[in-house]
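Predicted model only: the values in this text are computed from it and were never measured. Just so you know, these numbers use all the heavy atoms, side chains as well, and skip hydrogens, waters and symmetry mates.
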Amino acid sequence: MAAFFMFSHPQRKEYNDMIKILLIEDDRELCRSIRRELEKNGYMVECCSDGETAMFYALNTDYGYDIAIVDRMLPVVDGLTIIRAMRRKNIQIPVIIITGMSALDDRVDGLDGGADDYLVKPFHIRELLARVRALTRRPHQMQDAELLTCGDLRFDTSTRTLQCSQRKVALTAKEAELLGTLMRQPEAVFSREQLVLKVWGSDSDIEPGNVDNYISFLRRRLRELGSACQIKTIYGTGYRLEESHA
């Protein structure tokens with residue numbers, strides 16, 4: 001069997017308060033190396049090496065994973081298919097894609113497919129650890145239901161569902177936090193540095209320029225919905241969400 005797990009019986013979340021990671025990587029040497037470093041940093045890690053078996057574990061919420069690290073190119077079922085299946089089932093845990101596919105279109109496909117972050121191989125383990133910290137720093141921040149409105153937009157933070165009229169889209173974790181920040185203070189101008197602090201935290205390695213990428217993703221969501229609301233660039237300052245006015 002191609003798949004393997006580091007535990008003979010997958011451990012349930014209630015038995016351990018540590019952050020629990022599902023690592024899906026078919027390169028066993030790389031998988032062991034990543035797992036070792038994650039465990040040294042206090043994470044509980046379960047590993048799988050083929051897409052078919054990984055699909056089973058990724059879609060089974062009983063295992064209580066807090067984050068998934070997914071290789072895009074896998075035997076049997078590719079990683080992006082797994083991520084899309086998770087999002088269709090409304091499994092909204094953060095997902096990091098790790099892959100050798102570095103083209104811009106590959107990155108866009110991965111993030112649009114439901115991933116929250118995208119890391120190109122080869123990478124330094126410190127960067128992966130930083131991205132895991134950024135995505136799990138405030139895992140319960142948006143669990144309480146909150147309905148935000150702005151112009152023709154309605155945003156359910158508990159399900160990360162953004163709605164305009166009868167159209168709906170599901171946002172990734174960081175898209176949701178970024179949009180929530182903008183929607184709570186419409187018309188307010190946020191600098192890139194402020195958005196990094198609010199969404200990723202003060203100890204994040206995320207560069208302020210990376211905010212531009214997430215703003216682009218959100219603008220695409222608004223276009224998909226046909227919303228009249230816009231995220232405006234305030235040159236030399238930052239961004240603001242402008243309400244639509246009928």
Side-chain angles (χ1 to χ4, degrees), residues 1-7 10 19-38 43-125 127-132 134-136 159-161 168-176 210 213-214 216-217 220-221 224:
M1 186 176 182
F4 71 103
F5 268 77
M6 297 303 180
F7 302 97
I19 290 172
K20 187 174 180 181
I21 298 175
L22 175 61
L23 173 59
I24 304 171
E25 169 60 64
D26 66 331
D27 182 328
R28 296 194 179 211
E29 183 176 350
L30 177 59
C31 188
R32 283 191 292 268
S33 176
I34 294 174
R35 176 205 172 212
R36 182 170 58 249
E37 292 300 321
L38 288 169
Y43 300 104
M44 186 193 330
V45 184
E46 293 182 352
C47 301
C48 189
S49 64
D50 82 271
E52 184 177 29
T53 308
M55 179 80 83
F56 170 79
Y57 285 96
L59 298 184
N60 190 333
T61 57
D62 287 344
Y63 294 125
Y65 299 115
D66 297 290
I67 185 170
I69 300 171
V70 182
D71 183 14
R72 182 162 176 176
M73 301 300 292
L74 294 167
V76 188
V77 180
D78 69 275
L80 193 51
T81 297
I82 294 171
I83 296 168
R84 286 172 174 154
M86 292 170 65
R87 299 318 189 204
R88 285 195 299 270
K89 196 175 178 181
N90 201 31
I91 297 173
Q92 299 296 338
I93 64 171
V95 176
I96 301 174
I97 288 180
I98 53 174
T99 179
M101 302 171 66
S102 60
L104 176 59
D105 286 347
D106 294 326
R107 294 171 183 264
V108 170
D109 288 345
L111 293 166
D112 280 349
D116 298 282
D117 206 346
Y118 195 103
L119 189 57
V120 177
K121 300 175 184 178
F123 53 82
H124 198 287
I125 189 64
E127 183 175 5
L128 176 61
L129 289 168
R131 292 173 187 244
V132 169
L135 289 172
T136 59
T159 62
R160 300 180 193 155
T161 302
K168 297 180 181 181
V169 294
L171 304 185
T172 66
K174 289 305 173 188
E175 286 175 343
N210 289 346
N213 294 329
Y214 282 90
S216 296
F217 300 148
R220 183 179 301 163
R221 304 294 193 190
E224 289 175 16

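- A heavy-atom distance below 4.5 Å is not found between the side chains of Leu111 and Thr172.
- Other residues, nucleotides and ligands contribute more than 12 heavy atoms inside 6.0 Å of the NZ atom of Lys121.
- A salt bridge is defined here as a Lys NZ or Arg NE, NH1 or NH2 lying under 4.0 Å from an Asp or Glu carboxylate O, and Arg220 with Glu224 fails to meet this definition.
- Between atom CZ of residue Arg221 and atom CG of residue Leu171 there is a gap of 6.0 Å, rounded to the nearest 0.5 Å.
- Closest of all the heavy-atom pairs between Ala58 and Ile91 is O-CD1, 3.4 Å.
- Using the six-membered ring where Trp is involved, Tyr65 and Tyr63 have ring planes that are tilted, between 30° and 60° apart.
- Exactly one residue among Ile24, Leu135, Leu22, Val70 makes a side chain to side chain contact (heavy atoms under 4.5 Å, CB included) with Val95. That residue is Val70.
- Between the side chain of Asp50 and the backbone N or O of Thr53 there is at least one donor-acceptor pair closer than 3.5 Å.
- Closest of all the heavy-atom pairs between Pro75 and Ser49 is CD-O, 3.7 Å.
- Comment: Asp112 does not engage Arg87 in a salt bridge, judged by the lack of any side-chain N to carboxylate O separation of less than 4.0 angstrom.
- No more than 12 heavy-atom neighbours from other residues, nucleotides or ligands sit within 6.0 angstrom of CD on Glu52.
- Cys48 and Ala54 make their closest contact through SG-N, 3.4 Å (heavy atoms, listed as atom of the first residue, atom of the second, distance).
- Within the 3.5 Å criterion, the main-chain N or O of Ala134 finds a donor-acceptor partner in the side chain of Lys174.
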message = Between Asp71 and Asp27, is the side-chain contact (heavy atoms from CB on, under 4.5 Å) condition met? List the steps.
response = CA-CA 9 Å; Asp71 183 14; Asp27 182 328; over 6 Å; no
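- A 4.5 Å side-chain heavy-atom check between Leu38 and Ile69 finds at least one atom pair inside the cut-off.
- Note that CD1 of Ile98 and CD of Glu25 are 4.5 Å apart. Values are rounded to the nearest 0.5 Å.
- Arg88 CZ to Arg84 CZ: the interatomic distance, rounded to the nearest 0.5 Å, is 8.5 Å.
- Val169 is not listed as a side-chain neighbour of Glu175, based on a closest heavy-atom distance of 4.5 Å or more.
- By the 4.5 Å heavy-atom criterion applied to side chains, Thr81 and Met55 are counted as neighbours.
- Atom CD1 of Ile125 and atom CD of Glu127 lie 10.0 Å apart (nearest 0.5 Å).
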key: Steps toward side-chain contact (heavy atoms from CB on, under 4.5 Å) verdict (Ile93, Ile67)   = CA-CA 5 Å; Ile93 64 171; Ile67 185 170; 5.6 Å; no
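- Atom CG in Leu119 sits 12.0 Å away from atom NE2 in His124 (nearest 0.5 Å).
- Within the 4.5 Å cutoff, side-chain heavy atoms of Met101 are placed close to those of Tyr118.
- Using a distance-only test at 3.5 Å, with no hydrogens or angles considered, no donor-acceptor pair links the side chain of Arg35 to the main chain of Leu23.
- We find the CD1-CG distance between Ile34 and Leu128 to be 6.0 Å, quoted to the nearest 0.5 Å.
- Tyr214 and Asp116 make their closest contact through OH-O, 2.6 Å (heavy atoms, listed as atom of the first residue, atom of the second, distance).
- Looking only at side-chain heavy atoms (C-beta outward), Met44 and Ile21 stay at 4.5 Å or farther from each other.
- The two residues Asp26 and Leu74 make their nearest non-hydrogen contact at N-CD2, 3.9 Å.
- A donor-acceptor contact shorter than 3.5 Å links the side chain of Arg107 to the backbone of Ser102.
- Side chains of Arg72 and Asp106 form a contact here, defined as non-hydrogen atoms less than 4.5 Å apart.
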